[in-house]
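Notes to accompany the following structure.
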Protein chains: 2
Amino acid sequence: MTATADRILDVMQDLIQTRGFSAISYQHIADVLKVTKASIHYHFPSKADLGSAVIRRYRALLMAMMEEATGDESRSTWDILTLYFGPYLEFADSAEKVCLCGALAGEYPSLPPDMQAEVAAFFAEQQAWLEQMIARGIDRGEFRRSASAAVSARLMLSALQGALLVQRAGGEAGLLTDVTAGLKACLVESPQP
Amino acid sequence: MTATADRILDVMQDLIQTRGFSAISYQHIADVLKVTKASIHYHFPSKADLGSAVIRRYRALLMAMMEEATGDESRSTWDILTLYFGPYLEFADSAEKVCLCGALAGEYPSLPPDMQAEVAAFFAEQQAWLEQMIARGIDRGEFRRSASAAVSARLMLSALQGALLVQRAGGEAGLLTDVTAGLKACLVESPQP
DNA sequence: GTCTATACAAAGATAGAC
DNA sequence: GTCTATCTTTGTATAGAC
């Protein structure tokens, strides 16, 4: 991966997170980087190639972050989840960004097949990791048993993705924070009186 | 509103819910209706006009449904919310559809200003109605007080929107059902042992 | 109200010089 | 690796006949 290819991916990721995939053209990317469209086609022959590469990099980055957060046995499960929320909160702060795959999910059936597969893999691995974490919390007596780990993981992933999208569209700044607070109220064992 | 204009809106709504807005062209709509592009421009001069009209109609339809479900004092709050979930479950069943505004949220900053305003209004009114319903559930002792009605409403709206998107992209059929079950476990007072 | 025809811009993509 | 130049298709939109 050359430095230029990486900068192209940076711009492409940023544009998808703000504008979606179909609304982006090679010209938009070229304008930002001050190069020509042909240069971008040299690194990524087709738009599908470029889109797939962006998602692959994004998946790898988040997976590495998740694995790093997981290791420490002494950390409470909610603390680990709070680390996990980090990127989501950053996107929300930048006011115009959502999760890369959350943006792509809205136009999923119109995406090239390779990109569809990458997006599906992203959601599957996010859900699997969350389920594992929530099972940990239940095992350690930190979380309530009111729903299964699988159900809670699906709820959490859906709520986070939805919150980014609704917050950006609605313009209400605190929505994502409220949603994480609501999830905590759902999961965490109330202190015994 | 003529019959033809209505059929154009039907097709446009269907296409947005499956493919998103930017990926749609007048040609796509014309193909489905077996008319020419020019005919569609007669009814809706610009794509922004067409997009705004679709959202307005969608908002009105859902609001009417919500108001109808609300009236009955004897109905339990969770029953009312189950009615509210109806359209979401239908979209999920059709396997390729998400909420109209959920699809549009992914490309929000690239939408025409009029459409942005409509999408924002949709989310605001959905959230307000949900907050009112959840407050009713808390008042009547049907729901736990673990989170405020406002926080729970935001969680519920985000989770439903996200669930449709994640389910379609991930291909896991039961996700939306799991999410509504998880929300119920969050909200409803556990029966006293 | 729907058609044919057309204008005009932008899209994705490639060839070949440097 | 990046450029200029070009090809081809598609996009939104309008004019004017029927």
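Sequence lines set the chain letters: A, B, ... in the order given, protein chains first and strands last, and positions in each chain run from 1. Computed from a prediction, not measured in an experiment: that's the story for all the values here.
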Item checked: Atom-to-atom span, NZ of K47(A) to P of dT9(D) - whole angstrom -> 19 Å
Checklist line | Contact under 4.0 Å: S25(A) side-chain N or O vs dA10(C) OP1/OP2 | finding: no
Next item on the list: Would you check if I80(A) and D72(A) make a side-chain contact, meaning some heavy-atom pair closer than 4.5 Å?
Entry: no
For residues 28-36 of chain A, run the donor-acceptor check on the side chains, cut-off 3.5 Å, and write out each pair with its distance to 0.1 Å, sequence neighbours left out.
residue	atom	partner	partner atom	Å
H28(A)	ND1	S25(A)	N	3.0
H28(A)	ND1	S25(A)	OG	3.3
D31(A)	OD1	Q27(A)	NE2	3.0
T36(A)	OG1	S39(A)	OG	3.4

Notebook entry, point to check: Are side-chain heavy atoms of Q126(A) and L62(A) found at a separation under 4.5 Å?
Noted result: yes
Margin query: Expressed as a whole number of angstroms, how long is the span from R7(A):CZ to dT2(D):P?
Written below: 8 Å
Next item on the list: Check whether any side-chain heavy atom of M133(B) lies under 4.5 Å from a side-chain heavy atom of T70(B), and answer yes or no.
Entry: yes
Note to self: Any residue in residues 27-46 of chain A with a heavy atom nearer than 4.0 angstrom to DNA chain D? Just list them by number, or reply none.
What the structure shows: V35(A), T36(A), A38(A), S39(A), Y42(A), H43(A)
Item checked: Strand-adjacent residues in residues 110-118 of chain A, judged by heavy atoms under 4.0 Å from DNA chain D -> none
Notebook entry, point to check: Quick one: does C186(A)'s side chain get under 4.5 Å of M156(A)'s, heavy atoms only?
Noted result: no
Notebook entry, point to check: Would a 4.5 Å heavy-atom cut-off, applied to side chains only, mark F21(B) and S110(B) as touching?
Noted result: no
Checklist line | Note, Q167(A) side chain near F91(A) side chain (heavy atom, < 4.5 Å) | finding: no
Notebook entry, point to check: If you look at every strand shown and take non-hydrogen atoms under 4.0 Å, does L50(A) touch a base, only sugar-phosphate, or nothing?
Noted result: nothing
Note to self: Using the salt bridge (Lys or Arg N to Asp or Glu O under 4.0 Å) definition, which of the options R7(A), R19(A), K97(A) pairs with D14(A)?
What the structure shows: K97(A)
